[in-house]
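Remarks on the structure that follows.
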Amino acid sequence: MRCGGGGPAWAMFPDEVWEQVFSFLGSDADRNAAFVTIVLVPRLGRRAERRSRRRVFVGNCYAVAPAAAVARFPEARAAAVKGKPHFADFNLVPGDWGGGADAWVAAMAEGWPLLEELRLKRMVVSDDCLEALARAFKNLRVLALTSCDGFSTAGLAAIAAHCRNLRELDLQENMIEENCSHWLSHFPESFTSLVNLNIACLEGEVNVSVLERLVSRCPNLKTLGLNQAFPLDKLNILLRRAPQLIDLGTGRFDAEYYPELFHKLESAFSGCKSLRGLSGIWEAVPAHLPALYSICEGLTSLNLSYATIQSPDLIKLVSQCKNLQKLWVMDFIEDAGLAVVASSCKLLQELRVFPSDPYGEVAQPPVSLTERGLIAVSTGCPMLHSVLYFCRQMTNSALITVAHNRPNLIRFRLCILEPHTPDYLTFQPLDAGFSAIVESCRDLCRLSLSGLLTDRVFKSIGAYADCLEMLSVAFAGDSDAGLHYILSGCKSLKKLEIRDCPFGAKPLLANAAKLETMRSLWMSSCAVTLGACRLLAQKMPQLNVEVIDERGGRPSWELRPNDCPVEKLFVYRTLAGRRADKPPCVWIV
Amino acid sequence: MPFERGGTHEDHNNTKENAISFQSNLELRLGISSSDNSCSNNMACSKAMNSTVKGFSCSTSTSNIAPAVLYQSSSSSVLGLGGGGSYMGFPQSPLGFVHPWSLAARQQKAAIEQAHHQKSNNLASGSASASAAVASSSLSRATQLPPLAAVVGWPPVREFRRNLVSTNLPKSAMDDHEKGATSAKPAAENIDDNDDDDDNSNVMKRRTESRPTMFVKVNMEGYVVGRKINLRAHDSYESLSRAVQKMFSNFFSKDDDVADPDFILLYEDHEGDRMLVGDVPWELFITSVKRLYIAHNRKMQENGNGNGGVADDDDQHMKKQQNEVDK
């Protein structure tokens with residue numbers, strides 16, 4: 001398992017050896033490690049890297065200037081760029097913060113005209129940008145936009161019209177303005193290369209017959225993700241046109257039940273012998289669920305996280321999915337349902353349980369999803385390695401059990417909905433539980449904490465979590481010591497995001513060099529002062545220290561005193577210096 | 001536009017003077033007085049309270065409920081209901097008149113929202129007492145925590161998850177009630193007449209940013225200007241009815257000659273149909289209501305011709321007064 005900081009010994013090898021090493025490094029993750037090393041030690045292996053690099057991954061769009069990245073890797077065919085910090089997903093980052101894709105697309109159009117794959121995440125993509133890339137990249141095969149915003153279906157129309165070789169159009173959780181409902185019609189009749197079409201995040205209706213024609217003429221279509229507006233009674237039509245589908249995201253699973261519809265659905269699904277992944281199922285009516293039973297056995301991935309189905313119906317469905325590797329579900333599944341998962345889905349690797357009522361707004365009896373469900377799956381599913389679990393109560397004992405059962409965990413994200421919630425049996429902080437997790441799961445690379453936590457848990461994490469790359473902390477800790485433990489330990493840490501913790505900036509100053517080995521640090525609603533930020537920026541010229549203040553009417557940042565509190569802080573290493581597109585709410589110290 | 005801001009208005013400085021003179025003018029003309037009735041909302045309150053303190057082994061929850069309920073009942077000046085029944089009709093004779101911009105109205109709105117706020121505060125303070133055994137400075141932080149719904153970005157779920165269930169009840173509940181309503185609709189909807197309109201319910205679900213508020217328009221039949229009311233500030237039909245009555249009571253024709261016109265409360269649901277308020281449980285109503293209407297109960301009006309004529313004259317006068325106040 002690759003973890004720990006990159007050792008410099010291999011930097012001594014001659015170029016020929018570099019060439020071979022790099023072409024063996026397949027995954028982005030491995031290559032990224034190599035990329036980092038190259039960035040910091042620019043003289044070594046530069047030529048070899050440039051020649052062989054086909055896939056370029058830029059984890060922070062402001063870490064390097066677009067033109068520089070493009071120039072460095074002239075043979076690139078696939079690019080992935082990420083923009084806003086992760087907490088932008090939860091409205092913590094101002095809308096105008098940045099992450100614009102225009103500069104990147106312009107540079108790529110100039111330097112990588114043969115680009116085949118483009119993946120953007122949490123970036124602001126304009127319609128002009130989409131139009132530009134549609135025209136610039138004649139060979140574009142894959143366009144994947146995740147959690148992006150700033151564009152509309154008019155931009156998608158441009159993609160449809162001009163990307164003649166497009167194989168994948170994957171739109172995940174974007175905020176898209178819908179001003180052109182016929183954008184799908186812009187795929188010409190001669191266009192037959194589609195393999196993956198995912199439009200689940202669109203809210204408006206798409207023309208069913210246009211979609212049907214598109215699906216019919218694309219014989220290689222493997223993934224189809226419909227949106228919620230797609231009606232259930234037309235689903236069987238599409239399925240009959242594309243029985244070769246491997247992944248299907250249905251539209252709404254809600255319609256007035258009548259036997260003919262049910263039988264049509266049932267027989268359409270049973271015709272899809274290759275179906276391995278299923279998602280969508282919005283607003284599911286239990287009466288229609290049995291139409292899915294025929295494909296359950298073959299499913300390896302099931303996303304029911306939009307399905308407002310109660311536990312008994314969920315159990316009936318999930319208990320038949322013997323080969324499930326990935327399950328996303330709402331907390332309606334309850335402990336009882338997870339117990340069934342534990343006994344039926346022995347191949348389960350990834351579990352995500354989402355809250356149906358995250359804000360306690362819906363006045364209905366609470367779902368019975370507790371630590372018991374987590375214990376059950378950790379006990380019964382030996383291959384479980386990724387967990388995201390939202391619940392309302394937890395105990396140290398449960399976490400310790402999970403830790404002992406599943407030392408193979410690599411991602412563990414626990415979110416106890418109410419901040420500062422202690423062990424509900426002992427009223428102790430959950431330090432012991434999370435400590436057990438990091439001590440036992442030595443390959444853990446992603447961890448999210450919640451509940452009542454003191455500095456003790458951070459001591460454990462700093463000491464044991466050698467492979468941890470991403471850590472999310474909220475409403476935890478007692479003092480600066482907590483943050484210091486993290487920054488002085490956690491050898492592999494790349495991304496640290498903290499909110500509402502009593503951490504000042506002293507640990508940042510004490511561990512300033514650490515920040516340069518990380519991709520980024522986010523701190524909001526902590527105890528950071530402007531003076532400390534100034535010191536940090538002064539000390540570390542290769543870091544951008546961005547302070548963010550959305551409130552207007554304050555004096556400009558230069559004039560503010562050192563003890564002025566900083567509400568939001570985003571620190572990241574960069575080769576590009578201060579960014580030119582910073583909005584008024586951001587000051588780069 | 002002053003009428004576009006919920007049940008009462010906080011910042012109405014420029015219209016305050018007009019409002020006061022309007023109020024006293026109207027009161028003299030109408031010869032009515034306000035009366036206090038106790039809040040029959042206790043059960044709904046406790047229920048809402050209980051649902052949010054679940055999951056904690058804190059014994060303080062029950063004791064925290066009572067004060068909040070008492071607070072609400074004592075500080076609200078509430079119109080009596082003309083009986084529950086199967087439809088939300090307004091009472092035979094309005095028992096009180098509270099001008100929407102008056103201090104009393106603002107207090108009442110504050111009381112309702114305080115109770116709502118209290119509910120969330122109990123949650124935060126409940127967790128603090130549960131961790132009392134822990135000698136940790138995090139205790140003080142817990143008590144200072146704002147209500148969960150007001151903490152930005154917590155819990156860490158994407159925005160679209162916020163509305164998934166609040167507008168889609170677990171289907172077992174929906175089925176029982178909605179099946180009857182939708183059975184008339186043939187499932188063979190013509191999908192191909194793809195007009196550009198988005199499915200309203202989907203758009204509303206995803207883009208409703210206002211939690212814990214949910215403002216819907218309220219239109220009184222015959223009036224151009226509508227109002228807005230925050231449905232989240234209410235836990236039951238009774239509460240909603242009182243609020244709507246308060247809002248529109250100055251639009252009634254108040255002549256003694258007139259047998260009080262019966263108004264009925266209707267709503268438009270997410271499918272665009274106009275429905276009578278009161279048939280389905282409150283929780284279900286909340287998920288499907290998009291706007292409210294106060295309509296004349298035509299049956300009643302047809303009974304006496306004179307009513308219509310006089311009512312119309314008064315309506316016109318009300319409108320004119322209202323327009324003056326608007327400026």
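Values below: every heavy atom of this structure, side chains too, minus hydrogens, waters and symmetry copies. The chains referred to below are lettered A, B, ... by the order of the sequence lines, with proteins before strands, and numbering in each begins at 1.
In this structure, B:F160 and A:Y306 have tilted ring planes: the angle between them lies in the 30° to 60° band.
Judged by distance alone, the side chain of B:R161 and the main-chain N or O of A:S305 form a donor-acceptor pair under 3.5 Å. Side chain of B:W154 to backbone of A:F475: no donor-acceptor contact under 3.5 angstrom is found.
For the pair A:P355/B:V157, a side-chain contact is recorded, criterion being any heavy-atom separation below 4.5 Å from C-beta on. Looking at heavy atoms from C-beta onward, B:P156 lies out of side-chain contact with A:F87 at the 4.5 angstrom threshold. Side-chain contact between A:R499 and B:V151 is present, with at least one heavy-atom pair separated by less than 4.5 Å.
The part of A:F354 that comes within reach of chain B is its side chain, from C-beta onward, which places non-hydrogen atoms under 4.5 angstrom from that chain. Looking at A:L232, there are no atoms closer than 4.5 Å to chain B (heavy atoms on both sides), in backbone or side chain.
Listed options A:S479, A:S450, A:S472, A:S147 were ranked by heavy-atom pairs under 4.5 angstrom with chain B; first place goes to A:S147.
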